[in-house]
A.B. asks: 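Take a look at this one; I'll ask things after.
Quick note on labels: first sequence line is chain A, next is B, and so on, each numbered from 1. Only this structure's heavy atoms are used, side chains among them; waters, hydrogens and symmetry mates stay out.
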Protein chains: 2
Amino acid sequence: MARWDPNARERLIRAAVELFAEQGYEATTINEIAQRAGGLTKTTFFRHFSDKREVLFAGQEIHSRIMSEAIAEAPESATPLEMVKSALDALASSFPQERREVGRKLRTVVVNTPELRERSASKRAAHTAATAEALRSRGVSQLGAEIAAELGTRAFYTAFERWTTSPGTKTLAEHAHEVFLELKAALAVLE
Amino acid sequence: MARWDPNARERLIRAAVELFAEQGYEATTINEIAQRAGGLTKTTFFRHFSDKREVLFAGQEIHSRIMSEAIAEAPESATPLEMVKSALDALASSFPQERREVGRKLRTVVVNTPELRERSASKRAAHTAATAEALRSRGVSQLGAEIAAELGTRAFYTAFERWTTSPGTKTLAEHAHEVFLELKAALAVLE
DNA sequence: ATAGTGATGTGACTTGGTAACGTCACCGTA
DNA sequence: TACGGTGACGTTACCAAGTCACATCACTAT
(Lines give C-alpha, C1' and ligand atoms only; values in the text may rest on other atoms or scores of the structure.)
Protein backbone atom coordinates (compact mmCIF):
# COMPACT_ATOMS: atom_id res chain seq x y z
CA MET A 1 0.00 0.00 0.00
CA ALA A 2 2.30 2.74 -1.16
CA ARG A 3 2.07 6.15 -2.61
CA TRP A 4 0.39 5.53 -5.91
CA ASP A 5 -1.97 2.78 -4.89
CA PRO A 6 -5.64 3.52 -5.40
CA ASN A 7 -8.23 4.25 -2.69
CA ALA A 8 -6.18 6.96 -1.04
CA ARG A 9 -9.34 8.37 0.43
CA GLU A 10 -10.28 5.14 2.18
CA ARG A 11 -6.72 4.67 3.38
CA LEU A 12 -6.77 8.15 4.88
CA ILE A 13 -10.01 7.50 6.70
CA ARG A 14 -8.75 4.20 8.05
CA ALA A 15 -5.47 5.72 9.20
CA ALA A 16 -7.26 8.62 10.84
CA VAL A 17 -9.64 6.39 12.78
CA GLU A 18 -6.77 4.21 13.94
CA LEU A 19 -4.62 7.11 15.08
CA PHE A 20 -7.46 8.94 16.77
CA ALA A 21 -8.35 5.79 18.66
CA GLU A 22 -4.73 5.19 19.65
CA GLN A 23 -3.58 8.70 20.59
CA GLY A 24 -6.67 10.88 20.60
CA TYR A 25 -7.76 13.44 18.07
CA GLU A 26 -5.79 16.47 19.19
CA ALA A 27 -2.56 14.56 19.64
CA THR A 28 -2.72 13.38 16.05
CA THR A 29 -1.23 15.45 13.27
CA ILE A 30 -2.50 15.57 9.72
CA ASN A 31 0.98 14.72 8.53
CA GLU A 32 0.89 11.63 10.70
CA ILE A 33 -2.38 10.54 9.19
CA ALA A 34 -1.17 11.07 5.66
CA GLN A 35 2.07 9.29 6.43
CA ARG A 36 0.36 6.20 7.80
CA ALA A 37 -2.00 6.12 4.84
CA GLY A 38 0.85 4.97 2.62
CA GLY A 39 3.38 7.76 2.68
CA LEU A 40 1.06 10.55 1.64
CA THR A 41 1.32 14.19 2.62
CA LYS A 42 -0.75 16.97 4.15
CA THR A 43 -1.65 18.37 0.74
CA THR A 44 -3.20 15.14 -0.40
CA PHE A 45 -5.21 14.94 2.79
CA PHE A 46 -6.71 18.34 2.11
CA ARG A 47 -7.48 17.37 -1.46
CA HIS A 48 -9.81 14.71 -0.09
CA PHE A 49 -11.21 16.42 3.02
CA SER A 50 -11.95 20.04 3.61
CA ASP A 51 -10.57 19.92 7.13
CA LYS A 52 -9.27 17.62 9.84
CA ARG A 53 -12.69 16.94 11.35
CA GLU A 54 -14.32 16.04 8.08
CA VAL A 55 -12.37 12.81 7.70
CA LEU A 56 -14.67 11.31 10.34
CA PHE A 57 -17.92 12.61 8.89
CA ALA A 58 -17.33 12.32 5.17
CA GLY A 59 -20.02 10.58 3.22
CA GLN A 60 -22.67 11.51 5.69
CA GLU A 61 -24.73 13.29 3.03
CA ILE A 62 -25.67 9.79 1.91
CA HIS A 63 -27.71 9.45 5.07
CA SER A 64 -29.69 12.54 4.21
CA ARG A 65 -30.25 11.21 0.70
CA ILE A 66 -31.53 7.89 2.00
CA MET A 67 -34.01 9.56 4.30
CA SER A 68 -35.12 12.08 1.67
CA GLU A 69 -35.74 9.39 -0.92
CA ALA A 70 -37.71 7.24 1.48
CA ILE A 71 -39.88 10.22 2.34
CA ALA A 72 -40.42 11.02 -1.33
CA GLU A 73 -41.48 7.45 -1.99
CA ALA A 74 -43.80 7.05 0.99
CA PRO A 75 -47.43 6.25 0.12
CA GLU A 76 -49.76 9.08 -0.72
CA SER A 77 -51.84 8.50 2.38
CA ALA A 78 -48.97 8.54 4.86
CA THR A 79 -48.99 10.95 7.80
CA PRO A 80 -45.84 12.98 8.51
CA LEU A 81 -44.83 10.64 11.31
CA GLU A 82 -45.34 7.63 9.08
CA MET A 83 -43.11 9.17 6.43
CA VAL A 84 -40.45 9.78 9.06
CA LYS A 85 -40.80 6.24 10.31
CA SER A 86 -40.19 4.72 6.89
CA ALA A 87 -37.25 7.06 6.34
CA LEU A 88 -35.82 6.01 9.68
CA ASP A 89 -36.21 2.34 8.80
CA ALA A 90 -34.51 2.85 5.46
CA LEU A 91 -31.58 4.66 7.03
CA ALA A 92 -31.11 2.28 9.95
CA SER A 93 -31.32 -0.73 7.65
CA SER A 94 -28.40 0.61 5.63
CA PHE A 95 -26.04 -0.10 8.53
CA PRO A 96 -24.82 -3.70 8.55
CA GLN A 97 -23.95 -5.29 11.89
CA GLU A 98 -20.28 -5.36 10.93
CA ARG A 99 -20.14 -1.60 11.20
CA ARG A 100 -21.03 -1.70 14.84
CA GLU A 101 -17.45 -1.94 16.07
CA VAL A 102 -16.29 0.94 13.92
CA GLY A 103 -19.31 2.87 15.05
CA ARG A 104 -18.36 2.28 18.66
CA LYS A 105 -14.83 3.54 18.11
CA LEU A 106 -16.07 6.52 16.16
CA ARG A 107 -18.54 7.45 18.84
CA THR A 108 -15.92 7.27 21.59
CA VAL A 109 -13.59 9.64 19.79
CA VAL A 110 -16.33 12.10 18.92
CA VAL A 111 -17.83 12.14 22.39
CA ASN A 112 -14.46 12.83 23.96
CA THR A 113 -13.44 15.66 21.63
CA PRO A 114 -15.19 19.04 21.83
CA GLU A 115 -14.13 19.97 18.32
CA LEU A 116 -15.73 16.80 16.98
CA ARG A 117 -18.84 17.12 19.09
CA GLU A 118 -19.28 20.50 17.51
CA ARG A 119 -18.98 19.14 14.00
CA SER A 120 -21.35 16.37 14.93
CA ALA A 121 -23.97 18.85 16.14
CA SER A 122 -23.58 20.71 12.88
CA LYS A 123 -24.02 17.58 10.78
CA ARG A 124 -27.01 16.62 12.83
CA ALA A 125 -28.62 20.00 12.23
CA ALA A 126 -27.95 19.72 8.49
CA HIS A 127 -29.45 16.27 8.43
CA THR A 128 -32.54 17.50 10.24
CA ALA A 129 -32.90 20.38 7.81
CA ALA A 130 -32.64 18.06 4.82
CA THR A 131 -35.27 15.76 6.25
CA ALA A 132 -37.57 18.69 6.97
CA GLU A 133 -37.13 19.88 3.41
CA ALA A 134 -38.17 16.48 2.08
CA LEU A 135 -41.25 16.58 4.29
CA ARG A 136 -42.13 20.03 3.12
CA SER A 137 -42.13 18.96 -0.50
CA ARG A 138 -44.64 16.34 0.54
CA GLY A 139 -46.89 19.18 1.66
CA VAL A 140 -46.13 19.27 5.37
CA SER A 141 -46.12 22.72 6.97
CA GLN A 142 -42.82 24.37 7.84
CA LEU A 143 -43.01 23.93 11.60
CA GLY A 144 -44.63 20.52 11.32
CA ALA A 145 -41.86 19.36 9.03
CA GLU A 146 -39.21 20.66 11.40
CA ILE A 147 -40.71 18.91 14.39
CA ALA A 148 -41.20 15.63 12.58
CA ALA A 149 -37.70 15.78 11.13
CA GLU A 150 -36.28 16.49 14.55
CA LEU A 151 -38.07 13.47 15.95
CA GLY A 152 -36.63 11.30 13.21
CA THR A 153 -33.11 12.58 13.74
CA ARG A 154 -33.39 12.17 17.48
CA ALA A 155 -34.66 8.63 17.05
CA PHE A 156 -31.74 7.79 14.79
CA TYR A 157 -29.05 9.23 17.04
CA THR A 158 -30.54 7.68 20.15
CA ALA A 159 -30.79 4.33 18.40
CA PHE A 160 -27.22 4.66 17.18
CA GLU A 161 -26.01 5.35 20.69
CA ARG A 162 -27.82 2.31 22.07
CA TRP A 163 -26.59 0.18 19.21
CA THR A 164 -22.95 1.08 19.84
CA THR A 165 -23.00 1.09 23.63
CA SER A 166 -25.39 -1.65 24.68
CA PRO A 167 -24.17 -5.26 24.93
CA GLY A 168 -26.84 -7.15 22.97
CA THR A 169 -26.82 -8.18 19.36
CA LYS A 170 -29.80 -6.16 18.24
CA THR A 171 -29.71 -4.58 14.83
CA LEU A 172 -29.61 -0.82 14.43
CA ALA A 173 -32.97 -1.06 12.67
CA GLU A 174 -34.42 -2.89 15.66
CA HIS A 175 -33.15 -0.24 18.05
CA ALA A 176 -34.54 2.45 15.79
CA HIS A 177 -37.93 0.82 15.77
CA GLU A 178 -37.99 0.65 19.55
CA VAL A 179 -36.86 4.21 20.06
CA PHE A 180 -39.43 5.46 17.63
CA LEU A 181 -42.19 3.79 19.59
CA GLU A 182 -40.90 5.18 22.88
CA LEU A 183 -40.69 8.59 21.31
CA LYS A 184 -44.29 8.50 20.22
CA ALA A 185 -45.32 7.37 23.68
CA ALA A 186 -43.36 10.20 25.29
CA LEU A 187 -44.99 12.62 22.89
CA ALA A 188 -48.41 11.72 24.23
CA VAL A 189 -47.49 12.53 27.83
CA LEU A 190 -46.12 15.98 27.19
CA GLU A 191 -49.15 18.02 28.06
CA MET B 1 -10.12 54.18 25.60
CA ALA B 2 -6.59 52.98 25.77
CA ARG B 3 -4.68 50.03 27.00
CA TRP B 4 -5.40 50.04 30.70
CA ASP B 5 -8.99 51.22 30.64
CA PRO B 6 -11.49 48.80 32.18
CA ASN B 7 -14.05 46.67 30.36
CA ALA B 8 -11.56 45.16 27.95
CA ARG B 9 -13.92 42.26 27.43
CA GLU B 10 -16.81 44.45 26.33
CA ARG B 11 -14.51 46.49 24.10
CA LEU B 12 -13.30 43.30 22.44
CA ILE B 13 -16.83 42.13 21.77
CA ARG B 14 -17.84 45.48 20.35
CA ALA B 15 -14.76 45.66 18.13
CA ALA B 16 -15.31 42.12 16.89
CA VAL B 17 -18.94 42.72 15.98
CA GLU B 18 -18.02 45.91 14.15
CA LEU B 19 -15.20 44.36 12.19
CA PHE B 20 -17.13 41.20 11.33
CA ALA B 21 -20.00 43.34 10.05
CA GLU B 22 -17.65 45.55 8.04
CA GLN B 23 -15.29 42.98 6.52
CA GLY B 24 -16.72 39.61 7.29
CA TYR B 25 -15.57 37.07 9.84
CA GLU B 26 -12.82 35.32 7.95
CA ALA B 27 -11.27 38.50 6.65
CA THR B 28 -10.86 39.75 10.20
CA THR B 29 -7.80 38.89 12.21
CA ILE B 30 -7.66 38.51 15.96
CA ASN B 31 -4.87 41.03 16.09
CA GLU B 32 -7.12 43.49 14.27
CA ILE B 33 -9.86 43.00 16.80
CA ALA B 34 -7.52 43.42 19.74
CA GLN B 35 -5.99 46.49 18.16
CA ARG B 36 -9.32 48.20 17.61
CA ALA B 37 -10.38 47.39 21.16
CA GLY B 38 -7.95 49.99 22.43
CA GLY B 39 -4.50 48.79 21.41
CA LEU B 40 -4.74 45.33 22.92
CA THR B 41 -3.02 42.19 21.66
CA LYS B 42 -3.84 38.66 20.63
CA THR B 43 -2.84 37.30 24.02
CA THR B 44 -5.35 39.45 25.81
CA PHE B 45 -8.06 38.36 23.43
CA PHE B 46 -7.39 34.73 24.30
CA ARG B 47 -7.43 35.52 27.98
CA HIS B 48 -11.05 36.58 27.60
CA PHE B 49 -12.30 34.13 24.96
CA SER B 50 -11.30 30.56 24.34
CA ASP B 51 -11.30 31.02 20.57
CA LYS B 52 -12.21 33.43 17.79
CA ARG B 53 -15.80 32.20 17.48
CA GLU B 54 -16.57 32.47 21.15
CA VAL B 55 -16.45 36.25 21.16
CA LEU B 56 -19.88 36.20 19.48
CA PHE B 57 -21.44 33.59 21.76
CA ALA B 58 -19.95 34.44 25.13
CA GLY B 59 -22.41 34.76 27.96
CA GLN B 60 -24.87 32.43 26.34
CA GLU B 61 -24.85 30.10 29.34
CA ILE B 62 -27.01 32.75 30.98
CA HIS B 63 -29.80 31.74 28.64
CA SER B 64 -29.60 28.17 29.81
CA ARG B 65 -29.65 29.32 33.40
CA ILE B 66 -32.73 31.45 32.85
CA MET B 67 -34.61 28.57 31.31
CA SER B 68 -33.47 26.07 33.92
CA GLU B 69 -34.50 28.32 36.80
CA ALA B 70 -37.91 28.99 35.30
CA ILE B 71 -38.45 25.26 34.93
CA ALA B 72 -37.36 24.61 38.48
CA GLU B 73 -39.80 27.23 39.75
CA ALA B 74 -42.79 26.16 37.68
CA PRO B 75 -45.87 25.13 39.68
CA GLU B 76 -46.12 21.60 40.97
CA SER B 77 -49.05 20.80 38.71
CA ALA B 78 -47.45 21.97 35.45
CA THR B 79 -47.18 19.62 32.49
CA PRO B 80 -43.83 19.38 30.68
CA LEU B 81 -45.02 21.68 27.92
CA GLU B 82 -46.24 24.22 30.42
CA MET B 83 -42.86 24.22 32.12
CA VAL B 84 -41.21 24.78 28.77
CA LYS B 85 -43.63 27.55 27.99
CA SER B 86 -42.84 29.47 31.15
CA ALA B 87 -39.13 28.95 30.58
CA LEU B 88 -39.51 30.28 27.07
CA ASP B 89 -41.38 33.34 28.32
CA ALA B 90 -38.71 34.02 30.92
CA LEU B 91 -35.92 33.78 28.38
CA ALA B 92 -37.62 35.82 25.68
CA SER B 93 -38.59 38.51 28.17
CA SER B 94 -34.94 38.98 29.07
CA PHE B 95 -34.25 40.51 25.65
CA PRO B 96 -35.06 44.23 25.55
CA GLN B 97 -36.18 45.76 22.25
CA GLU B 98 -32.92 47.72 22.03
CA ARG B 99 -31.03 44.52 21.43
CA ARG B 100 -32.92 43.84 18.24
CA GLU B 101 -30.51 45.74 16.01
CA VAL B 102 -27.47 44.02 17.45
CA GLY B 103 -29.28 40.74 17.14
CA ARG B 104 -29.92 41.42 13.49
CA LYS B 105 -26.25 42.12 12.80
CA LEU B 106 -25.19 39.10 14.78
CA ARG B 107 -27.54 36.85 12.93
CA THR B 108 -26.35 38.06 9.54
CA VAL B 109 -22.74 37.33 10.32
CA VAL B 110 -23.47 33.93 11.80
CA VAL B 111 -25.74 32.85 8.96
CA ASN B 112 -23.13 33.78 6.36
CA THR B 113 -20.19 32.03 8.03
CA PRO B 114 -20.01 28.23 8.13
CA GLU B 115 -17.61 28.25 11.05
CA LEU B 116 -20.07 30.32 13.07
CA ARG B 117 -23.09 28.34 12.01
CA GLU B 118 -21.29 25.34 13.37
CA ARG B 119 -20.64 26.95 16.72
CA SER B 120 -24.24 28.09 16.77
CA ALA B 121 -25.51 24.57 16.23
CA SER B 122 -23.26 23.41 19.04
CA LYS B 123 -24.53 26.08 21.42
CA ARG B 124 -28.06 25.23 20.49
CA ALA B 125 -27.50 21.58 21.29
CA ALA B 126 -25.94 22.47 24.62
CA HIS B 127 -28.87 24.69 25.44
CA THR B 128 -31.31 21.94 24.58
CA ALA B 129 -29.41 19.49 26.74
CA ALA B 130 -29.44 21.87 29.70
CA THR B 131 -33.16 22.41 29.34
CA ALA B 132 -33.79 18.70 29.12
CA GLU B 133 -31.76 18.19 32.25
CA ALA B 134 -33.88 20.72 34.10
CA LEU B 135 -37.02 18.92 32.96
CA ARG B 136 -35.66 15.59 34.06
CA SER B 137 -35.08 16.85 37.57
CA ARG B 138 -38.74 17.75 37.60
CA GLY B 139 -39.50 14.11 36.98
CA VAL B 140 -39.99 14.07 33.23
CA SER B 141 -38.77 10.96 31.42
CA GLN B 142 -35.52 11.08 29.43
CA LEU B 143 -37.05 11.06 25.96
CA GLY B 144 -39.97 13.21 27.00
CA ALA B 145 -37.60 15.80 28.42
CA GLU B 146 -35.53 15.78 25.26
CA ILE B 147 -38.53 16.31 23.03
CA ALA B 148 -40.00 19.05 25.18
CA ALA B 149 -36.64 20.78 25.46
CA GLU B 150 -36.17 20.57 21.72
CA LEU B 151 -39.55 22.20 21.20
CA GLY B 152 -38.63 25.03 23.52
CA THR B 153 -35.30 25.60 21.84
CA ARG B 154 -36.88 25.50 18.42
CA ALA B 155 -39.53 27.97 19.50
CA PHE B 156 -36.89 30.33 20.81
CA TYR B 157 -34.68 30.23 17.74
CA THR B 158 -37.62 30.57 15.37
CA ALA B 159 -38.94 33.49 17.39
CA PHE B 160 -35.50 35.08 17.41
CA GLU B 161 -35.27 34.79 13.66
CA ARG B 162 -38.66 36.39 13.16
CA TRP B 163 -37.84 39.08 15.66
CA THR B 164 -34.64 40.07 13.87
CA THR B 165 -35.84 39.72 10.30
CA SER B 166 -39.49 40.79 10.27
CA PRO B 167 -40.33 44.49 9.94
CA GLY B 168 -42.88 44.98 12.77
CA THR B 169 -42.23 46.19 16.30
CA LYS B 170 -43.29 43.07 18.10
CA THR B 171 -41.40 42.03 21.16
CA LEU B 172 -39.32 38.86 21.22
CA ALA B 173 -41.63 37.56 23.93
CA GLU B 174 -44.63 38.15 21.69
CA HIS B 175 -43.02 36.30 18.82
CA ALA B 176 -42.11 33.47 21.16
CA HIS B 177 -45.68 33.20 22.38
CA GLU B 178 -46.97 33.01 18.80
CA VAL B 179 -44.43 30.45 17.69
CA PHE B 180 -45.17 28.29 20.68
CA LEU B 181 -48.85 28.20 19.81
CA GLU B 182 -48.10 27.36 16.18
CA LEU B 183 -45.75 24.65 17.32
CA LYS B 184 -48.40 23.04 19.47
CA ALA B 185 -50.85 23.22 16.60
CA ALA B 186 -48.35 21.59 14.23
CA LEU B 187 -47.74 18.91 16.81
CA ALA B 188 -51.37 17.86 16.66
CA VAL B 189 -51.33 17.33 12.88
CA LEU B 190 -48.30 15.08 12.80
CA GLU B 191 -50.02 11.75 12.69
C1' DA C 1 7.60 7.93 -28.65
C1' DT C 2 4.80 11.55 -27.09
C1' DA C 3 1.35 14.40 -25.28
C1' DG C 4 -2.24 14.78 -22.14
C1' DT C 5 -4.47 13.99 -17.69
C1' DG C 6 -5.15 13.25 -12.95
C1' DA C 7 -3.21 12.29 -8.61
C1' DT C 8 0.51 13.44 -5.88
C1' DG C 9 4.58 16.20 -3.83
C1' DT C 10 7.32 20.65 -2.45
C1' DG C 11 7.92 24.81 -0.37
C1' DA C 12 6.44 29.00 1.32
C1' DC C 13 3.00 31.47 3.64
C1' DT C 14 -0.96 33.14 6.88
C1' DT C 15 -3.34 32.69 11.00
C1' DG C 16 -5.44 30.48 15.03
C1' DG C 17 -4.04 28.98 19.34
C1' DT C 18 -0.55 27.91 23.33
C1' DA C 19 3.02 28.74 26.64
C1' DA C 20 6.82 30.96 29.36
C1' DC C 21 8.17 34.90 31.04
C1' DG C 22 8.38 39.97 31.68
C1' DT C 23 5.95 44.48 32.72
C1' DC C 24 2.75 47.87 34.10
C1' DA C 25 -0.84 49.94 37.15
C1' DC C 26 -2.99 49.83 41.48
C1' DC C 27 -3.89 48.73 46.30
C1' DG C 28 -2.92 47.89 51.10
C1' DT C 29 0.23 48.18 54.67
C1' DA C 30 4.13 49.44 57.30
C1' DT D 1 6.87 57.30 51.73
C1' DA D 2 8.39 52.87 50.54
C1' DC D 3 7.33 48.27 49.96
C1' DG D 4 5.40 44.03 48.32
C1' DG D 5 1.57 41.68 46.30
C1' DT D 6 -1.82 40.92 42.65
C1' DG D 7 -4.18 41.13 38.38
C1' DA D 8 -4.31 42.56 33.74
C1' DC D 9 -1.59 43.13 29.99
C1' DG D 10 2.57 42.60 26.63
C1' DT D 11 6.63 39.99 24.18
C1' DT D 12 8.54 36.35 22.12
C1' DA D 13 8.71 32.05 20.31
C1' DC D 14 6.49 28.16 18.83
C1' DC D 15 3.20 24.45 16.74
C1' DA D 16 -0.27 22.84 13.72
C1' DA D 17 -4.24 23.79 10.54
C1' DG D 18 -5.22 25.34 6.20
C1' DT D 19 -4.04 27.70 1.46
C1' DC D 20 -1.61 28.38 -2.80
C1' DA D 21 1.52 28.16 -6.83
C1' DC D 22 4.21 25.22 -9.05
C1' DA D 23 6.63 20.85 -10.04
C1' DT D 24 6.49 15.80 -10.62
C1' DC D 25 5.10 11.19 -11.18
C1' DA D 26 2.27 7.24 -13.23
C1' DC D 27 -0.80 5.88 -16.74
C1' DT D 28 -3.33 6.00 -21.03
C1' DA D 29 -4.30 6.83 -25.79
C1' DT D 30 -2.86 8.24 -30.01
A.B. asks: May I ask whether A:Tyr157 and A:Leu88 are part of the same hydrophobic cluster, defined by side-chain heavy atoms of I, L, V, M, F, W, Y residues being less than 4.5 angstrom apart, directly or through others?
C.D. replies: yes
A.B. asks: Name every residue in residues 110-126 of chain A that has at least one heavy atom under 4.0 Å from any atom of DNA chain D, in order of residue number, or write none if there are no such residues.
C.D. replies: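 By residue number: none to list.
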A.B. asks: Is the ring pair B:Phe160/B:Phe95 parallel, tilted or perpendicular, if the boundaries are 30 and 60 degrees?
C.D. replies: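 If you compare the ring of B:Phe160 with that of B:Phe95, the planes turn out perpendicular.
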A.B. asks: Report which part of the nucleic acid A:Arg9 touches: base, sugar-phosphate, or nothing (heavy-atom distance under 4.0 Å, all strands).
C.D. replies: nothing
A.B. asks: Which residues end up grouped with A:Val110 if you chain together Ile, Leu, Val, Met, Phe, Trp and Tyr wherever their side-chain heavy atoms are less than 4.5 Å apart?
C.D. replies: A:Leu12, A:Ile13, A:Val17, A:Leu19, A:Phe20, A:Tyr25, A:Ile30, A:Ile33, A:Leu40, A:Phe45, A:Phe46, A:Phe49, A:Val55, A:Leu56, A:Phe57, A:Val102, A:Leu106, A:Val109, A:Leu116
A.B. asks: Using atom names, set out every protein N or O paired with an N or O of nucleotides 10-13 of chain C below 3.5 Å, distance rounded to 0.1 Å.
C.D. replies:
residue, atom, partner, partner atom, Å
C:dT10, O4, A:Thr43, OG1, 3.3

A.B. asks: Take atom CD1 in B:Ile62; do more than 12 heavy atoms of anything else shown fall under 6.0 Å from it?
C.D. replies: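 Count not over threshold, so no.
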A.B. asks: So, using side-chain hydrogen bond (donor to acceptor under 3.5 Å, both in side chains) as the criterion, who are the partners of A:Arg154 when residues are at least two apart?
C.D. replies: A:Glu150, B:Glu146
A.B. asks: With hydrophobic residues grouped by side-chain heavy-atom distances under 4.5 Å, do A:Ile66 and A:Met83 end up in a single group?
C.D. replies: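 Both belong to a single hydrophobic cluster.
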A.B. asks: Can you measure B:Asp51 atom CG to D:dG18 atom P for me and round it to whole angstrom units?
C.D. replies: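 The distance from CG of B:Asp51 to P of D:dG18 comes to 13 Å, rounded to the nearest Å.
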A.B. asks: Indicate yes or no for a side-chain donor-acceptor contact from B:Arg117 to the backbone of B:Val111 under 3.5 Å, with no hydrogens or angles considered.
C.D. replies: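 Side chain of B:Arg117 to backbone of B:Val111: a pair is present.
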A.B. asks: Under a 4.0 Å heavy-atom cut-off, which of residues 20-35 of chain A touch DNA chain C?
C.D. replies: none
A.B. asks: Mind calculating the distance between CZ (B:Phe45) and C1' (C:dG16) to the nearest angstrom?
C.D. replies: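 For the pair B:Phe45 CZ and C:dG16 C1', the rounded distance is 10 Å.
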A.B. asks: Identify which nucleotide among D:dT19, C:dG17, C:dT8 has an atom closest to any side-chain atom of B:Phe46, counting heavy atoms from C-beta outward.
C.D. replies: C:dG17
A.B. asks: Please name all residues satisfying ring-ring contact (aromatic ring centres under 6.0 Å, His included) with A:His48, sequence neighbours left out, ordered by chain then number.
C.D. replies: none
A.B. asks: Answer yes or no: are there more than 12 heavy-atom neighbours, outside A:Arg14 itself, under 6.0 Å from its atom CZ?
C.D. replies: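 Count not over threshold, so no.
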A.B. asks: Carefully, step by step, assess A:Glu118 and A:Arg53 under the rule salt bridge (Lys or Arg N to Asp or Glu O under 4.0 Å).
C.D. replies: CA-CA 10 Å; A:Glu118 193 162 328; A:Arg53 283 137 260 154; over 6 Å; no
A.B. asks: Kindly determine whether B:Lys184 and A:Glu191 satisfy salt bridge (Lys or Arg N to Asp or Glu O under 4.0 Å), including the steps that lead there.
C.D. replies: CA-CA 10 Å; B:Lys184 271 175 58 172; A:Glu191 73 176 317; 3.7 Å; yes
A.B. asks: For the pair made of CD in B:Glu54 and P in C:dG16, what is the distance, rounded to whole Å?
C.D. replies: 16 Å
A.B. asks: Please confirm whether the shortest side-chain N or O distance from B:His48 to OP1 or OP2 of D:dC9 is below 4.0 Å.
C.D. replies: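 Result: yes.
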A.B. asks: Compare the minimum distances between each of D:dC9, D:dG18, C:dG16 and the side chain of B:Leu40, then state the nucleotide with the smallest one.
C.D. replies: D:dC9
